[in-house]
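Below you'll find the structure, written out as C-alpha cells, and then a few comments.
Just so it is clear, the values below take in all heavy atoms, side chains as well, and ignore hydrogens, waters and symmetry mates. What you are looking at is a predicted structure, and each value in this text was computed from that prediction instead of being measured.
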Amino acid sequence: MDFSSFLTSLGTSFVIFLVLVLLFSWLSRKPGNAVVYYPNRILRGLDPNENGSGSRGLFGWIGEALSSTEEDVISSSGVDTAVYFVFLSTVLGILIISGLVLLPALLPVAVTDDRLHHLPTKIAQTKNYTVLDKLSMANVDDKSPRLWAFLLAVFVVSFVSYYLLWKAYNHVSALRANALLSPEVKPEQYAIIVRDIPPVPEGQTRKEQVDTYFKTIYPDTFYRSMVVTDNKEVDKLWQELEGDKKKLARAEAIYAESKRTGKPEGTRPTHKTGFLGLLGKKVDSIEFYSEKISELVPKLEAEQKSTLREKQLAAAVVFFTSRVAAASAAQSLHAQTVDKWTVIDAPEPCQLLWTNLKIKFFERQLRQYVVYVIVALTIFFYMIPIGLISAFTTLKNLKKLLPFLKSILDEDAVRTVLEAYLPQIALIVFLALLPKLLLFLSKTEGIPSQSHAVRAASGKYFYFSVLNVFIGVTIAGTLFSTFKELQKNPNSIISLLAGSIPENAPFFLTFVALKFFVGYGLELSRIVPLIIFHIKRKYLCKTEAEIKEAWLPGDLGYGTRVPGDLLVITIVLCYSVIAPLIIVFGVAYLGLGWLILRNQALKVYVPSYESYGRMWPHIFARILASLILYQLTMLGYIGGKKFYFAPFLIVLPILSLIFGFVSHKKFYRSFHDTALEVVAHESKEIPNLEQVFRSFIPPSLNSEKIDDDQFEDALSQVSRTGSFV
C-alpha cells in the first residue's frame with residue numbers, strides 16, 4: 001500500500017465517522033427513536049433525557065460519558081461491564097505511557113537513518129517503500145548501534161504492562177468482592193449445582209438419595225433440592241404454547257385495529273394452516289389459536305407431571321439456608337473419586353444450560369479434547385482462506401491473477417480505493433462468520449452456564465484471530481510475494497519473514513483505523529438497529545410485546561467484543577517498537593472505544609447475565625499471551641537485524657510467565673470460588689428461601705396450577721419448615 005492510499009483510507013474513514021456522529025446527534029433527539037438510543041434507561045424506568053443527554057448540544061453525550069463513575073456503570077449495566085472498562089482503561093494506559101516514551105525516542109532514531117535510501121534501486125522499487133517505512137525499524141541498518149534504542153523500548157513496554165496489569169487485577173478483585181458481599185439477596189448465592197450423581201440405590205428415589213446425602217453432610221444448613229429432569233418434550237410443548245399465545249395476541253391486535261380504522265364490526269384476521277401460511281385450509285386466526293391453546297394447556301400440564309416423576313437425571317440443584325454454607329459446599333470435595341458427586345457453585349438461574357448438567361465427568365473431558373481438536377482444525381483450515389485473502393487482495397497480486405482487469409486497476413481512483421479498503425473489509429467480513437460456531441462448540445463441551453460458555457468461546461476466538469489474522473496475514477502475505485525468491489534460496493525464509501514485518505504495518509494501521517472510525521461510528525449511530533426497528537414497527541409489529549422485542553438491544557457481546565479488542569491490542573503491541581506510529585492508532589481505538597461504549601453501557605445495552613467479573617482472569621491471560629507474542633516477535637525481528645545483543649530479550653518471555661504464574665496464584669482462586677469472608681456478611685433482609693428455590697424452576701415447568709405435591713419426585717420436601725417467609 002502506498003502512502004496516498006493509506007491517507008485516502010484514513011481520511012475517508014474519518015469523514016464517515018464524523019457523518020455517523022452527526023447522524024447520532026440528530027437522530028437520538030427524536031422522540032420516536034428513544035427506544036433505540038436509550039433502551040437501558042427506559043427499562044430502568046428513567047427518563048431518556050435525564051441529565052440533559054438529549055438537549056446539551058451535539059456532543060453532550062461526551063461530557064456525560066466522561067463524568068460517569070464506575071458506580072454509574074455498575075448500576076446501569078452490572079459488574080461485568082465495569083470490569084470490561086477496567087480492561088479498556090488498563091490497556092489504554094499501557095499504550096499511552098509507552099507512547100510517551102517510544103514516540104519521541106524511536107521516531108527520530110528511525111527517520112535519521114538511511115537504510116532504505118541505500119537499498120539497490122530494483123529492491124526499493126519492488127518493495128515500494130513509503131514515508132511510513134522511513135518512520136519504522138525498516139529504515140535502520142542491520143547491526144546498527146541504533147538498535148539499542150529499540151531493544152530497550154521492548155523492556156519499557158513490558159514493565160509498564162506488568163505494573164498496570166497487577167494494579168488492574170487488584171482492582172477487579174476488589175470490585176468482585178464488593179459485589180458479592182452486597183446485602184441484597186441473590187438466589188445463586190444460596191445454591192450449588194451437583195453433577196455426576198451415582199445410580200440410585202435400591203429402595204430409594206432420586207430425590208431421597210440427594211436429600212439423604214446432603215442432609216448427612218450439612219444437617220443444619222441443608223434446605224431442599226431440585227433434581228434436574230429431561231425437559232426436551234416439555235420445552236417443546238411450552239415453546240409451542242408461548243408461540244400460539246403470541247400469535248393469538250397478534251390476531252386480536254389486528255382485529256382491534258380493523259375496528260378503529262374500518263367498519264365498526266371490524267374484519268376478523270384469517271390465515272392458511274399449511275406451509276408458511278401459504279397453503280392449506282383458510283381459518284379464523286383468533287378461533288384457531290384459541291382452540292390450539294385450549295388443547296395444548298392440558299397436554300403441557302400432563303407432560304410437566306410426567307417429566308417431574310419419570311425423567312429425572314443424575315444432576316440436581318441443592319439449596320442451603322445461608323450463603324456461607326452454599327459457598328463452602330461449592331468448593332469442597334464431596335466424594336473420594338472425581339467422577340461422583342461433582343459440585344460447583346450455581347450461576348444465575350437464567351444462565352443455566354440445563355441440557356449440559358446430565359453429561360458425565362469423563363464424557364465432559366472427552367468432549368473438551370474433541371472440541372479442542374475441532375477448533376485447531378478450524379484455525380488451520382480458516383488460515384488457508386484468510387491467507388489467500390491477504391495474498392490475493394493486494395493490487396499487485398490481483399493484476400497477476402486477473403490480468404484482464406489490469407486497465408481498470410491502473411486507474412488512480414480505483415487503485416487508491418481498492419488498496420485502501422479491499423483487504424481489510426474482506427478480512428472483517430470473513431471473521432464475522434465465526435463466533436456462533438465457536439459458541440456452539442463451547443456449549444458442546446458440557447459447560448453448565450451461559451457466561452462460562454461465552455468465556456470459553458471468547459478464548460477460542462482470540463487465539464483464532466491472532467493465529468489467523470496477525471500471524472496468518474503476515475506469513476501468508478510474505479510467502480506469496482516472495483515465493484520465487486524462496487525457491488532459489490529456501491534458507492532465507494527467516495530473514496524474509498523478519499524483513500516483511502514492517503512492510504505489513506500499513507495494512508494493520510488501516511485495519512485498526514477502519515475498526516475504530518467506521519466500527520465505532522456505526523456503534524454510536526446505531527443506524528442498522530434503527531432501520532431494522534422502524535421497518536419492523538411499521539410492517540411487522542402489531543402488539544406492544546412485538547414492538548418491545550424489536551427494540552431490545554441485548555448486551556455488549558463480550559464473546560466477540562473482547563477478542564476483537566485483544567486482536568487490536570496484539571497488533572499494536574507487536575508493532576509498537578517496529579513501527580511506533582501504530583501506538584497513536586491504538587490509543588485512538590481504545591480511547592474512542594472507551595468513550596462510545598461508556599455511552600452505550602449507560603444508555604443502550606442491557607446485560608443478559610452477571611458473572612461478577614469472572615471474565616477478567618481470562619482477559620488477563622490473553623493480554624499476557626499478547627505480550628509474550630510481542631516479546632518473541634521482537635526477539636526474532638531484532639535477531640533478524642543481526643544485532644548481537646538481541647538475546648538479552650530472552651529474559652522477557654520468562655519474566656512474563658513468572659508474572660502470570662504469581663498473579664494466578666495470588667488472585668485466581670477468588671474468581672473461581674467465592675471467598676467465605678465475602679459472603680459471611682449478613683443479608684439486608686431475611687431471604688425468602690422458597691422464592692430462591694422457585695427462581696430455579698425452568699419456565700417450562702413453572703406453572704401456577706402445579707403445586708409442591710406434584711413436584712414430590714423431583715423437588716425435595718426436606719427441611720420445608722426451615723423456610724424464612
Practice prompt. Classify the angle between the aromatic ring planes of Tyr84 and Phe87 as parallel (below 30°), tilted (30 to 60°) or perpendicular (above 60°).
Written response: tilted

Fill in: Phe17 and Phe517 aromatic ring geometry - parallel, tilted or perpendicular at 30°/60° bounds
tilted

Worksheet item: Could you go step by step and tell me if Gln450 and Ser608 meet the side chain to side chain donor-acceptor pair (under 3.5 Å) rule?
Response: CA-CA 9 Å; Gln450 180 69 19; Ser608 301; over 6 Å; no

Beyond-backbone contact of [X] with [Y], side-chain heavy atoms, under 4.5 angstrom:
X: Ile547; Y: Lys536; value: no
X: Ile344; Y: Pro448; value: yes
X: Asn40; Y: Val604; value: no
X: Pro653; Y: Leu632; value: yes
X: Lys460; Y: Val371; value: yes
X: Ser700; Y: Leu237; value: no
X: Tyr605; Y: Ser76; value: no
X: Val172; Y: Phe671; value: yes

Please report the interatomic distance [atom1]([X]) to [atom2]([Y]), rounded to the nearest 0.5 Å.
X: Lys358; Y: Glu363; atom1: NZ; atom2: CD; result: 9.0 Å
X: Glu348; Y: Glu610; atom1: CD; atom2: CD; result: 6.5 Å
X: Tyr461; Y: Leu439; atom1: OH; atom2: CG; result: 12.5 Å
X: Ile628; Y: Ser656; atom1: CD1; atom2: OG; result: 5.0 Å
X: Ile527; Y: Ile531; atom1: CD1; atom2: CD1; result: 6.0 Å
X: Arg598; Y: Thr81; atom1: CZ; atom2: OG1; result: 10.5 Å

Checking [X] side chain against [Y] main chain: does a donor-acceptor pair fall under 3.5 Å?
X: Arg614; Y: His672; answer: yes
X: Glu188; Y: Pro349; answer: no
X: Ser442; Y: Ala457; answer: yes
X: Asp339; Y: Phe361; answer: no
X: Asn356; Y: Ile447; answer: yes
X: Arg537; Y: Phe533; answer: no
X: Asp80; Y: Gly613; answer: yes
X: Arg195; Y: Ala315; answer: no
X: Ser77; Y: Ala601; answer: yes
X: Thr674; Y: Ser670; answer: no

Item to complete: Let me see the working for Lys232 and Glu303 under salt bridge (charged side-chain N to carboxylate O under 4.0 Å, His left out), right down to the final yes or no.
Response: CA-CA 10 Å; Lys232 184 178 179 180; Glu303 184 60 37; over 6 Å; no

[X] with [Y]: basic N within carboxylate O range, under 4.0 Å:
X: Glu242; Y: Lys247; answer: no
X: Arg364; Y: Asp196; answer: yes
X: Arg669; Y: Asp673; answer: yes
X: Glu523; Y: Arg561; answer: yes

Fill in: side-chain contact (heavy atoms from CB on, under 4.5 Å) between Leu357 and Leu313, intermediate numbers included
CA-CA 9 Å; Leu357 298 184; Leu313 303 172; over 6 Å; no

Between [Y] and [X], do the side chains contain a donor N or O and an acceptor N or O under 3.5 Å apart?
X: Thr307; Y: Glu233; value: no
X: Tyr369; Y: Glu445; value: no
X: Tyr589; Y: Asp565; value: yes
X: Ser611; Y: Ser451; value: no

Practice prompt. Decide if the gap between the ring center of Phe620 and the ring center of Tyr169 is smaller than 6.0 angstrom.
Written response: yes

Worksheet entry | Geometric cation-pi criterion, Arg526 with Phe24: 6.0 Å, 45° | no

Between [X] and [Y], what is the shortest heavy-atom contact and its length?
X: Leu624; Y: Gly660; value: CD2-CA, 3.3 Å
X: Val572; Y: Ile582; value: O-CG2, 3.7 Å
X: Ser161; Y: Leu627; value: OG-CD1, 3.7 Å
X: Met615; Y: Arg455; value: CA-CD, 3.6 Å
X: Leu164; Y: Ile94; value: CD1-N, 3.4 Å
X: Pro347; Y: Ile193; value: CD-CG1, 4.1 Å

Discussion item. Please check if the number of heavy atoms outside Lys246 that lie under 6.0 Å from its NZ is greater than 12.
Written reply: no

Practice prompt. Inspect the surroundings of NZ in Lys360 and state if more than 12 heavy atoms from other residues, nucleotides or ligands are less than 6.0 Å away.
Written response: yes

Practice prompt. Mind running side-chain contact (heavy atoms from CB on, under 4.5 Å) on Lys548 and Leu43 for me, showing each step along the way?
Written response: CA-CA 10 Å; Lys548 184 178 180 180; Leu43 289 171; 3.8 Å; yes

Discussion item. Val35 vs Ile42, test: side-chain contact (heavy atoms from CB on, under 4.5 Å). Steps then yes/no.
Written reply: CA-CA 7 Å; Val35 291; Ile42 290 170; 3.9 Å; yes

Practice prompt. Please step through side-chain contact (heavy atoms from CB on, under 4.5 Å) for the pair Tyr558 and Ser458, ending with a clear verdict.
Written response: CA-CA 7 Å; Tyr558 304 109; Ser458 173; over 6 Å; no

